[in-house]
Amino acid sequence: MGNFTAVILDFETTGLSPNYGDRTIEVGAVLVTNNRITDRFQSLMNPGMKISSFIEDYTGITNRMLSDAPAINEVMQKLKSFIARHPLVAHNASFDSRFLDAEFGRINHRRVNEFACSMLISRRIYPDAPNHRLETLVRYKSLKTDGIHHRALADAEMTAHLWISMINDIKSDYCRNEVPFGLMQQLAKTKRKKVQELLLDT
DNA sequence: TGCCAGGCCCTCTTTAGGGCCTT
């Protein structure tokens, strides 16, 4: 008891803003139970438009690969089942939550899941990291990686390892048996100077 | 037509500006 389940997810997209027409082109998600990855979900998605050469270069996902991919709505239905009502985590969650909510909106679904941001939490837990990009934190904490970056499942797995690492570090640094999701969310909203206070207090 | 993100966080702040993160 006490070890919560969460889904860590990551999107590759055509750009930065769903409000300006950008769509998702790949999703990766992993289920974390008892601080271990216990299930995985990944799919490319055909956004119905050409992606820029910048995105092709950035992700390694090509227009050719997407032409054979399933429609976004179809994948969103499957993603909806995968995430169920589990709390969600993403690195810079404001980005992924915007896209998730936009794509769910297109299938007339409204997200009920809570969201936590591993980037905001890492700024509190690892203030001395050179920066808080996912890639940097993976190196900084010597986390498991297959060396692939900017692909959805690889990034989701690295984010999951970061998430697990942060929970384990809080447990050992503050002698805690468990670190509930709500505390992680609270951390993200806590001023850096008040972090010690929060973790010692609760 | 052409424009175009958005939210957090720090500081030489709050009557603001700019860097960080995500694609």
Side-chain angles (χ1 to χ4, degrees), chain A residues 6-30 42-66 69 72 75-76 79 83 88-106 111 113-141 143 145 148-163 165-166 184-198:
Chain A
V7 169
I8 288 72
L9 63 84
D10 183 74
F11 285 116
E12 306 306 314
T13 69
T14 64
L16 291 172
S17 176
N19 292 338
Y20 288 85
D22 287 316
R23 302 295 304 273
T24 54
I25 59 173
E26 188 183 37
V27 59
V30 299
Q42 181 274 336
S43 184
L44 291 171
M45 292 170 270
N46 188 339
M49 63 170 99
K50 286 265 185 264
I51 61 170
S52 67
S53 56
F54 172 82
I55 295 296
E56 284 192 324
D57 293 343
Y58 187 80
T59 62
I61 297 167
T62 62
N63 280 294
R64 165 103 198 221
M65 289 160 73
L66 295 178
I72 297 177
V75 176
M76 284 300 144
L79 179 64
I83 69 175
L88 304 175
V89 178
H91 201 67
N92 198 10
S94 73
F95 176 85
D96 294 279
S97 64
R98 273 200 302 281
F99 276 98
L100 180 66
D101 293 351
E103 298 295 7
F104 271 2
R106 289 170 179 264
R111 169 174 62 88
N113 315 59
E114 295 189 279
F115 234 118
C117 177
S118 56
M119 183 194 74
L120 293 179
I121 298 166
S122 73
R123 286 179 177 166
R124 311 300 193 277
I125 304 293
Y126 306 133
D128 296 332
N131 61 57
H132 297 83
R133 284 180 230 163
L134 181 57
E135 205 172 329
T136 305
L137 291 165
V138 165
R139 262 199 314 275
Y140 181 70
K141 292 301 295 179
L143 302 177
T145 170
I148 297 170
H149 296 287
H150 309 305
R151 285 299 300 267
L153 187 58
D155 283 4
E157 292 202 27
M158 286 188 290
T159 304
H161 291 303
L162 172 63
W163 178 256
S165 158
M166 292 195 295
M184 295 295 268
Q185 281 183 310
Q186 218 178 327
L187 257 178
K189 291 186 280 190
T190 302
K191 297 263 183 223
R192 197 181 282 176
K193 285 177 182 171
K194 300 275 186 185
V195 165
Q196 297 285 323
E197 210 172 297
L198 172 72

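Just so you know, these numbers use all the heavy atoms, side chains as well, and skip hydrogens, waters and symmetry mates. First the proteins, then the strands, lettered A, B, ... as listed; each starts at 1.
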Counting any heavy atom closer than 4.0 Å, what does [X] reach on the DNA or RNA strands: base, sugar-phosphate only, or nothing?
X       : answer
D22(A)  : nothing
D96(A)  : nothing
F99(A)  : nothing
D155(A) : sugar-phosphate
A188(A) : sugar-phosphate

For [X] and [N], give me the distance from atom [atom1] to atom [atom2], rounded to whole Å.
X       : N       : atom1 : atom2 : value
L137(A) : dC21(B) : CG    : P     : 8 Å
H91(A)  : dC8(B)  : NE2   : C1'   : 13 Å
D101(A) : dG6(B)  : CG    : C1'   : 14 Å
H149(A) : dC21(B) : NE2   : P     : 16 Å
L134(A) : dC21(B) : CG    : P     : 11 Å
M119(A) : dT23(B) : CE    : P     : 11 Å
K191(A) : dT11(B) : NZ    : P     : 11 Å
R98(A)  : dA5(B)  : CZ    : C1'   : 6 Å

Measuring from [X]:[atom1] to [Y]:[atom2], what's the distance to the nearest 0.5 Å?
X       : Y       : atom1 : atom2 : result
M119(A) : N131(A) : CE    : CG    : 11.0 Å
I83(A)  : L88(A)  : CD1   : CG    : 5.0 Å
I148(A) : L153(A) : CD1   : CG    : 9.0 Å

Comparing S17(A) and T190(A) on DNA chain B - which has the more 5′ nearest nucleotide: S17(A)
Residue whose closest nucleotide on DNA chain B lies nearer the 5' end, K189(A) versus E135(A): K189(A)
Minimum-distance nucleotide (side-chain atoms of [X] versus [options]):
X       : options                  : value
H132(A) : dC8(B), dT23(B), dC21(B) : dC21(B)
R192(A) : dC10(B), dT23(B), dG6(B) : dC10(B)
S94(A)  : dT22(B), dG6(B), dT23(B) : dG6(B)
L120(A) : dT23(B), dC8(B), dT22(B) : dC8(B)

Suppose you measure atom [atom1] in [N] against the same atom in [M]; what distance do you get, rounded to whole Å?
N       : M       : atom1 : answer
dC21(B) : dT15(B) : C1'   : 29 Å
dC12(B) : dG19(B) : C1'   : 15 Å
dT23(B) : dA5(B)  : C1'   : 11 Å
dG18(B) : dT14(B) : C1'   : 16 Å
dC8(B)  : dT13(B) : C1'   : 15 Å

Between S122(A) and Y140(A), a side-chain donor and acceptor under 3.5 Å: no
Between D22(A) and T14(A): side-chain donor-acceptor atoms closer than 3.5 Å: yes
Phosphate OP1/OP2 of dG6(B): any N19(A) side-chain N/O under 4.0 Å: yes
Heavy-atom side-chain proximity of V30(A) to T159(A) below 4.5 angstrom: no
